[in-house]
Structure formats: C-alpha cells, structure tokens
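What follows is a single structure, written as structure tokens, with notes after it.
Everything numeric in this text was worked out from a predicted model, so none of it was measured. These values consider heavy atoms only, across backbone and side chains, with no hydrogens, waters or symmetry-generated copies.
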Amino acid sequence: MISLVDGLRQEALPVTDSTIIRGDGVFEAVRSYGGVLFALDDHLARLARSAEAVGIPLPDDDRIGSWARSLASEGGPGIVRIIVGRGDVVPGQSGERRIVVIHHPLPFTPGTIRLRPWPAPWHPAGRPWELAGIKTTSYAPNVAATRLAGRDGFDDALLIAEDETVLEGPTFCVGWVVGGVVRVPATELGILDSITRRHVLALAEGDGIGVESGRFGLAEVAGADEVFAMSTVKEVTPVISVGQWEFPTGSVTSRLGNLFKRHVAASGRLF
C-alpha cells in the first residue's frame with residue numbers, strides 16, 4: 001500500500017482523527033487501470049458534493065487529483081481511495097481538515113455473487129435527509145450487513161427497506177433485467193449515485209437496452225430474468241441468487257459487462 005497524508009508520504013494517522021473517533025468524513029474509491037484512474041473527474045465532483053454536505057471545505061485547486069494520479073501512476077492497477085476528514089478532534093472541537101490518499105491492490109472479487117436480503121432501518125429509503133446519497137466514512141451498519149450475510153453463507157447483502165423496497169448493496173448498486181429491460185432503484189431513494197452505474201446505464205441506453213428506474217419491491221427482483229451488481233471494484237458482476245431465488249448469468253448482464261470493459265478500454269485505460 002502507498003499512502004499520502006496532505007500530500008506527504010505517511011503510513012499512520014493520529015488516533016484523534018475525526019474519521020477514527022467519529023467516522024466523520026467522506027471518501028471516494030477510484031479504480032486504476034494500468035496506472036490511469038477511470039472517471040476521476042466524476043469521483044472528484046462527487047467528493048466535493050459529499051464534503052459540502054458535511055461541511056468540510058476542500059482545496060479549490062487540483063491537488064487532490066494530482067495526488068491521486070501520482071499514486072495510481074506509481075502503484076499501477078488497483079484502487080485509489082481518497083478520504084477527507086475534519087482533522088484531529090476532541091469533544092466539541094475540530095482541527096484542520098486532513099486529506100488521505102491511499103493506493104492498494106484490487107481486492108478479490110468472485111465472478112458471481114450470492115446476496116442475502118437484509119433490512120436496513122438506517123437507510124433513508126426515500127425519506128428526506130441531508131446526508132442521503134452522500135459517501136461518508138460512517139459505514140458500520142453496511143459492514144455489519146455484509147458480515148452477517150456472510151455468516152449465513154452468502155457473499156454479501158442486498159439492503160431493503162421496511163416495506164421491502166430494494167435499495168442497494170452495502171458497497172455496490174444493483175440492477176436486474178425483466179423482459180430485456182434493465183431496472184434499477186431510483187437515486188431519489190437515497191441510494192448512492194454510483195459512477196459505475198451511471199456509466200453502465202448510459203452504455204445500455206446507447207446500445208438500445210431499455211432502462212427504467214423507480215421504487216421496486218423485493219418481489220420484483222424475485223421475478224427477474226437476471227440480476228447484477230455494479231461498483232468500482234465489481235464493475236458488472238452477475239448475481240446468481242438473492243435469498244432463495246436463483247438466477248442465470250444472462251445475456252443482458254454479459255452484454256453490459258462487455259460494453260463497460262470496452263468503454264474503459266476506449267477511454268484510453270488498459271486492463
């Protein structure tokens with residue numbers, strides 16, 4: 001792993017950092033293909049929105065982008081994480097903002113995944129909330145959902161609301177196919193506006209695949225022809241089961257995966 005703290009080589013943070021004590025910060029994870037970051041500008045724009053939502057000012061220059069590109073160039077394929085916190089904190093006080101940029105190898109991702117539906121009472125699920133859709137470092141409930149789904153023999157969780165509205169995965173978005181049409185939960189539900197999802201859906205529409213977003217129940221997914229996950233790490237990964245329901249790795253999912261790979265390659269990023 002390679003890391004920078006406020007642009008300087010450093011491998012440790014003070015235990016008083018806001019992201020450690022309070023989980024108070026925002027972050028992005030950007031994929032490096034052959035040492036070049038995919039959709040970095042999109043990630044930086046979302047980071048700026050997240051930071052504004054939690055009241056942490058960012059530099060008004062490109063130093064974060066330059067740090068990220070530098071680590072990607074040095075580290076090669078992998079993930080570059082950008083973490084912005086409020087600095088050192090003690091009760092009632094905040095220090096100066098701290099920016100951490102880390103490059104690490106790509107984690108293992110299976111070729112297919114099995115999801116356990118998991119109630120997410122902490123999720124806004126369409127209720128008004130200032131932090132809805134914001135990428136904060138307060139991930140404990142999501143991590144717990146992943147861990148508990150693993151305890152039950154699944155690869156990960158599928159977060160659902162109390163009324164079984166389908167939301168998202170703990171660290172990824174989901175989509176499914178009904179009659180050749182891709183359906184996804186609407187971002188108005190407070191799910192993350194996933195950059196990978198944004199690119200995949202645009203590619204689908206450009207290739208003549210219908211796309212519908214809205215509020216859908218778990219029963220809708222249960223009756224789908226195909227299900228898939230989307231994220232920086234997973235790209236487009238087939239979901240072969242959701243709870244007791246099983247699904248094939250279908251042609252639309254494969255097509256979307258291939259479209260995305262070609263899109264990355266055509267953008268000048270090499271695998």
| message | Donor-acceptor check, side chain of Glu28 to backbone of Ile83, threshold 3.5 angstrom: yes or no? | response | no

| said: Keeping Arg255 on the side-chain end and Asp207 on the backbone end, is there a donor-acceptor pair under 3.5 Å? | reply: yes

| With sequence neighbours excluded, what pairs up with Arg151 under the salt bridge (charged side-chain N to carboxylate O under 4.0 Å, His left out) test? | none

| Can you check whether Lys234's main-chain N or O pairs, donor with acceptor, with Thr237's side chain at less than 3.5 Å? | yes

| Would a distance-only check, ignoring hydrogens and angles, find a side-chain to backbone donor-acceptor pair under 3.5 Å from Ser254 to Gly250? | yes

| Does His199 have any ring-ring contact (aromatic ring centres under 6.0 Å, His included) partners at least two apart in sequence or in another chain, and if so, which? | Phe38, His263

| task | Report yes if the side chains of Arg197 and Leu192 come closer than 4.5 Å at any heavy-atom pair, otherwise no. | result | no

| task | Kindly say whether Val252 contributes a backbone atom to a donor-acceptor pair with the side chain of Glu226 at under 3.5 angstrom? | result | yes

| For Trp245, the rest of its hydrophobic cluster, which grows through side-chain links under 4.5 angstrom | Ile113, Leu115, Leu158, Ile160, Val166, Phe172, Val174, Trp176, Val178, Phe216, Leu218, Val221, Val227, Val239, Val242, Phe247

| message | Check this for me: does any side-chain nitrogen of one of Asp24 and Arg86 sit under 4.0 Å from a carboxylate oxygen of the other? | response | yes

| Of the non-hydrogen atoms in Val101 and Ala68, which two are nearest, and what is the gap between them? | CG1-CA, 4.0 Å

| query | Under 3.5 Å, side chain of Asp17 to main-chain N/O of Leu13, donor-acceptor pair present? | reply | no

| message | Main chain of Gly153, side chain of Arg114: is a donor-acceptor contact present, judged purely on distance under 3.5 Å? | response | yes

| task | Without swapping roles, check the side chain of Ser18 against the backbone of Asp88 for a donor-acceptor pair under 3.5 Å. | result | no

| Asp152 side-chain N/O to Phe154 backbone N/O, donor-acceptor pair under 3.5 Å | no

| query | Should the pair Arg198-Asp193 be classified as a salt bridge under the 4.0 Å nitrogen-to-oxygen rule? | reply | yes

